[in-house]
Amino acid sequence: MGQEISGAPAAGKVQAVGLDFGTTNSAIAIVGADGSPRLARFPGAEGGDRSETFRSILFFEAPEETGGADSAVSVGNDAIRRYLAAAGNGRLVQSLKSFLADKTFESTDIMGETYSLGDLIAPILSALRDAAIAQFGELPPRIVVGRPVHFAAAGNPDEVLARSRLDIAIRRAGWTDVMFEYEPVAAAYDYALRITRDETVLIADFGGGTSDFSVLRLKPRTAAKHGGARYEILGNDGVGIAGDAFDGRVMRHLVAPALGRGTKYRSPYGMVLPAPTWPYTRLERWHHLSFLKARSTMLRFEELKRESFEPEKIAALIHIVENDLGYFLFRSVEKTKLGLSALEAADFMFSDPPVLIGKTVARRDFENWIARYLEQIAGCVDRLMTTVALKPGVIDSVFLTGGSSFVPAVRRIFIERFGADRIRMGDEFTSVARGLALRALDTDG
């Protein structure tokens, strides 16, 4: 279940550990005797170069693929490799962090076995821990773990439940002393390595499920010195909108119509009705896609196809769900979003015969699709600035990190309020993990 790691342990005793368990990607960092943070590295998900990020994902391989009576479980980047080799014959489970605050999620059935949320998260965290031990040696019992300012979930998220679930999964993975820190505060620790004078900083961390913000008065940090009052938190806020929500809008407007959204069918009573929207609502949320692959749901899809006026589109939906193609859809959406970050238009292409979806997307259309989410992010930033009672001119710098920080419309929110000259960009996936390890170093006493 763990990752194959090469390389000798780093010299010097590990002083502190930080863990960033993310909706899409996770990372683990340590601080050694020299006081500098280092990240564990993992084999690339698709055979590429080694990576400092670990996909927060599991793949349950069908028994016929493994030749055994039970399904095999793989995690992280290895899960993607196994998934691709098995041509999707199994079940891919992702975005587990998005379920932490969901009171309605108690367990799920996967190939005849019942799994709690802790059962699914703990193997990912164990693999991260094993990788860090293999590369850096023995780890201290204390770990500082990132958490969003507000956990996200559909309906009424339960903050206490989310933190409890995450704490239990971390302890199951082998740590006995667990501390939590807001993810944007952790990113501030990483940013403090770059500055040379005291600054009032707005930190914006964009994950897969949440966008989180902190305003801090921050002192420069050097590797030789830690502890003491390095920062003063003036305020925190966050919103349950980020990269996954943007992906969902692409799915709704670009992909779902090719899979039957908006089509009509004839009911058993002869009435002409629109296709039900609930399958497409689930398609918009990556972490729900795999749950459509249930026998009762597939039977409903087959019935809908028989009565549909455009059965080929429902057949395409069945093909995607039946073959667990969510990962490939996700890659196509990500490629298009990346293209739109640099260009005014980008091509979307998804092909898995007989399904073929291809279209050129204009940046202005994408920005229109996500407009209401941009308004909520901007509203959260404005609310935080009101809470801390500071004018934009008082902010010395704005540190943006996370994948969605590269979306031009997201950056524009901060440029319009604070000016382009104050924007600083961080590593999109690892700033938080490095900062958490530094935070852990400051709490080692």
Side-chain angles (χ1 to χ4, degrees), residues 1-5 14 16-31 37-43 45 51-60 72-80 82 92-102 105 107-108 110 115-148 151-152 161-183 186 207-210 287 429-430 432-437 439-440:
M1 203 177 287
Q3 297 287 302
E4 182 180 341
I5 302 297
V14 175
V17 188
L19 171 65
D20 178 20
F21 172 59
T23 304
T24 306
N25 294 287
S26 295
I28 186 167
I30 65 96
V31 177
R38 288 194 293 276
L39 289 143
R41 296 178 64 82
F42 312 94
S51 170
E52 293 175 336
T53 59
F54 185 87
R55 291 299 295 267
S56 308
I57 201 166
L58 300 97
F59 179 55
F60 291 81
V73 184
S74 50
V75 299
N77 302 341
D78 185 51
I80 296 173
R82 297 288 291 271
L92 200 66
V93 180
Q94 53 193 328
S95 296
L96 290 163
K97 188 177 181 180
S98 297
F99 289 106
L100 283 169
D102 187 348
F105 186 103
S107 63
T108 186
I110 300 177
Y115 294 86
S116 69
L117 194 57
D119 293 333
L120 298 173
I121 293 176
I124 297 174
L125 303 184
S126 294
L128 287 160
R129 177 182 169 89
D130 291 346
I133 291 172
Q135 293 173 62
F136 304 121
E138 184 181 355
L139 304 181
R142 171 176 292 181
I143 188 167
V144 175
V145 181
R147 55 152 293 176
F151 283 96
L161 177 64
R163 178 166 169 160
S164 173
R165 281 173 162 174
L166 186 54
D167 182 83
I168 290 170
I170 294 163
R171 293 176 188 278
R172 284 179 60 176
W175 281 283
T176 57
D177 186 354
V178 181
M179 296 181 61
F180 291 95
E181 181 57 272
Y182 288 142
E183 287 154 359
T210 62
H287 53 294
F429 296 127
T430 58
V432 170
R434 285 195 301 268
L436 289 166
R439 180 75 175 92

Are side-chain heavy atoms of I57 and V93 found at a separation under 4.5 Å? no
Worked check of side chain to side chain contact (heavy atoms under 4.5 Å, CB included) between I110 and V73: CA-CA 11 Å; I110 300 177; V73 184; over 6 Å; no
State, to 0.1 Å, how close E52 and F42 come at their nearest heavy-atom pair, and which atoms those are. O-CE1, 4.0 Å
Rounded distance (nearest 0.5 Å) linking atom CD1 of I30 with atom CZ of R434: 13.0 Å
How would you list all residue pairs meeting side-chain hydrogen bond (donor to acceptor under 3.5 Å, both in side chains) that involve residues 169-180, not counting sequence neighbours? D119-R172, R142-D177, D167-R171
Nearest heavy atoms of L436 and G146, plus distance in Å: CD1-N, 3.3 Å
Checking R129 against L139 for the side chain to side chain contact (heavy atoms under 4.5 Å, CB included) test, could you report, in this order, the C-alpha distance in whole Å, the side-chain angles of both residues, the deciding distance, and whether it holds? CA-CA 9 Å; R129 177 182 169 89; L139 304 181; 4.2 Å; yes
Centroid-centroid under 6.0 Å between F60 and Y115 rings: yes
Between the side chains of K97 and E183, is the shortest nitrogen-to-carboxylate-oxygen separation below 4.0 Å, so that they form an ion pair? yes
What's the separation between atom CG in L19 and atom CZ in F180, rounded to the nearest 0.5 Å? 9.5 Å
What's the shortest heavy-atom distance between V178 and V145, and which atoms? CG1-CG2, 4.2 Å
Hey, is the main chain of L58 close enough, under 3.5 Å, to the side chain of Q94 for a donor-acceptor pair? no
For T24, which residues count as a side-chain contact (heavy atoms from CB on, under 4.5 Å) partner, sequence neighbours excluded? R55, D244, F330
Side chains of T53 and T430: does their closest heavy-atom pair fall under 4.5 Å? yes
May I ask you to test the D78-P43 pair for a side-chain heavy-atom distance under 4.5 Å? no
Any idea which heavy atoms bring S56 and G22 closest together, and the distance? OG-O, 2.8 Å
Value rounded to 0.5 Å, distance of CD1 in I121 from CG in L96: 5.5 Å
Drop me the distance from R163's CZ to I168's CD1, to the nearest 0.5 angstrom. 12.5 Å
Minimum heavy-atom separation for A29 and A433, please, with both atom names. CB-O, 3.5 Å
With rounding to the nearest 0.5 angstrom, report the CG to CZ distance, L125 to F21. 6.0 Å
How long is the straight-line distance from CZ of F99 back to CZ of R165, given to the nearest 0.5 Å? 10.0 Å
Could you tell me which non-hydrogen atom of I28 sits nearest to which non-hydrogen atom of A132, and how far apart they are? CD1-CB, 3.9 Å
One pair to check against side chain to side chain contact (heavy atoms under 4.5 Å, CB included): L100 and L161. What are the steps and the verdict? CA-CA 7 Å; L100 283 169; L161 177 64; over 6 Å; no
Of N25, D20, V75, the residue whose pairing with F54 passes side-chain contact (heavy atoms from CB on, under 4.5 Å): V75
